[in-house]
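Note sheet for the following structure.
Every heavy atom of this structure was used, including side-chain atoms; hydrogens, water molecules and symmetry mates were not. Computed from a prediction, not measured in an experiment: that's the story for all the values here.
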Amino acid sequence: MPFVAALIGYVTKRVAIEMMFRPLEFIGIPPFLGWQGVLPANAERMAATATEMLTSNLVDPKEIFARLDPEQIAKEIEEPLLEVVEDVTREVMEQYQPRLWEALPAGARQLLLNRVAAESPKVIAKIMREISHDIDQVLDLKHMVVTNLVRDKALLNRLIRDISRPEMRFIARSGLVFGFALGIVQLAVWALTNSPIVLPLFGLGIGWFTDWLALKMIFLPREPREFFGLYTWQGVFQKRRDEVAADYGDMIAREIITIPNIMEEVLRGPKSDRLFDMITREVKRTIDAQAGLVKPLVVVAVGSHTFQEMKAAAAAKAAERVPDTIRFAEDYAVNALDVRNTIVDRMRRLSPVEFEGLLRPAFRQDEWKLIAVGAVIGGLVGELQVLLLLH
């Protein structure tokens, strides 16, 4: 009986763990007859919880983006930026004044391109300074993180599962120990009563109690505590603070707050129009500034309406293509933002309650269902024991 009880304890834990993460999509007959992993089923709420922890306690967008040097960004993207500037200038001229562009000597055309190109890094640096001073105007970090975690449920699973593997192993192994101990009690009660009802009742109790106790021991006590003067215990998760901080920081920096994800959010997120408006405005200002004294002559040559169209077309093309050049500064940006080390440092400063909040919601969400499943499995195994004994 103790060995069967240990098996019940272990199996119910493994089932509970798998039910947290699998399957990614609902399997069965919606809405009630079937199952979807607890985390994937509550992806939006779990993502929002994780994001709230991330943005409230670990990452301040204004702080980390202030680390970017606008001049260095301009330098990093200078070569691809010049190609974009040349292409945009050539396309606009060929679109509106193809004969004039073709008639210009090669030296004159190159002089115009060089003059426009010389101003481009300054424009980028100015835009980057404006962005770094108020990153919230172009980037919604919460929206970015939630969108990526909800869209990629496997990523949400990894975020929780990868940083809690030791806790998962503890839950499973604790089932063996707790189950065996309770199995000894079960054996004693059986020997005294010889009642068949003892087996399914103990099986149900073992499945329920060992699941409940294992989950509590992951997080509690938050500080090391001595029990009966014999041994000291601290929640498994709390005890691994430094290791968890490093793993969590690595994953966030590697898979969530990445330059491609940031660019995707800036270019296609709810605030994307603000970046394009910013680039358009600065390009138009630069064109007016560079036209200078010759602007009246240009307007006479091409017409005021056409000049305005050319300026708008140049600004629109630049706004569409310039953001992609930022990708060439990815290595610099990753090192400058230093997301990983920022998260690790901040996590180590969290209070035990705040630190617990990093993982606890994943277990608290529908926790009763996991414990109930453990109890049911334990009861069924106990019933199976009765059948075996009767035969």
Side-chain angles (χ1 to χ4, degrees), residues 1-22 35 37-39 160-161 164-240 352 356 359-391:
M1 286 184 186
F3 289 101
V4 173
L7 180 63
I8 292 173
Y10 180 80
V11 170
T12 56
K13 306 302 166 293
R14 292 306 315 176
V15 170
I17 290 170
E18 294 306 313
M19 287 178 69
M20 283 184 62
F21 303 102
R22 298 180 182 177
W35 185 259
V38 172
L39 260 67
I160 301 300
R161 194 162 198 165
S164 62
R165 287 191 184 280
E167 284 70 33
M168 300 302 174
R169 286 195 296 268
F170 169 79
I171 289 175
R173 292 170 183 173
S174 69
L176 291 171
V177 178
F178 299 151
F180 189 85
L182 291 174
I184 294 175
V185 178
Q186 179 188 31
L187 178 59
V189 174
W190 167 264
L192 291 172
T193 65
N194 203 30
S195 172
I197 195 65
V198 168
L199 299 179
L201 284 179
F202 261 87
L204 187 149
I206 290 169
W208 176 85
F209 180 73
T210 56
D211 276 11
W212 175 84
L213 184 60
L215 289 172
K216 292 299 180 185
M217 291 181 70
I218 288 177
F219 302 103
L220 300 174
R222 297 185 178 101
E223 301 288 353
R225 182 178 172 185
E226 191 174 275
F227 290 86
F228 310 111
L230 299 175
Y231 64 96
T232 301
W233 182 261
Q234 182 183 16
V236 178
F237 188 64
Q238 296 284 357
K239 195 173 182 178
R240 290 196 317 115
E356 179 182 312
L359 186 63
R360 187 73 178 103
F363 288 89
R364 186 180 289 116
Q365 183 66 48
D366 290 341
E367 182 179 287
W368 68 271
K369 292 181 182 178
L370 304 179
I371 295 175
V373 168
V376 170
I377 293 175
L380 291 175
V381 174
E383 189 66 32
L384 180 60
Q385 284 181 288
V386 173
L387 295 175
L388 292 174
L389 287 172
L390 293 177
H391 288 78

When rounded to the nearest 0.5 angstrom, what distance separates [atom1] in [X] from [atom2] in [Y]?
X      : Y      : atom1 : atom2 : result
Thr232 : Glu223 : OG1   : CD    : 12.5 Å
Ile184 : Phe3   : CD1   : CZ    : 9.0 Å
Gln238 : Glu167 : CD    : CD    : 10.0 Å

inquiry  = Could you report the tightest heavy-atom contact between Tyr10 and Ala172, atom names first, then the distance?
reply    = CD1-O, 3.2 Å

task = Write down the atom of Phe219, the atom of Glu356, and the distance for their closest heavy-atom approach.
result = CD2-CG, 3.7 Å

task = Compare all side-chain heavy atoms of Pro166 with those of Arg240 and state whether any distance is below 4.5 angstrom.
result = yes

message = Quick check: do Arg161 and Met20 have side-chain heavy atoms less than 4.5 Å from each other?
response = no

task = Please check if atom CZ in Arg22 has more than 12 non-hydrogen atoms from other residues, nucleotides or ligands closer than 6.0 Å.
result = no

request  = Look at atom CZ of Phe21 and say whether more than 12 heavy atoms of other residues, nucleotides or ligands are closer to it than 6.0 Å.
outcome  = yes

task = Look at the side chain of Gln234 and the backbone N and O of Arg225, then say whether any donor-acceptor pair between them is shorter than 3.5 Å.
result = no

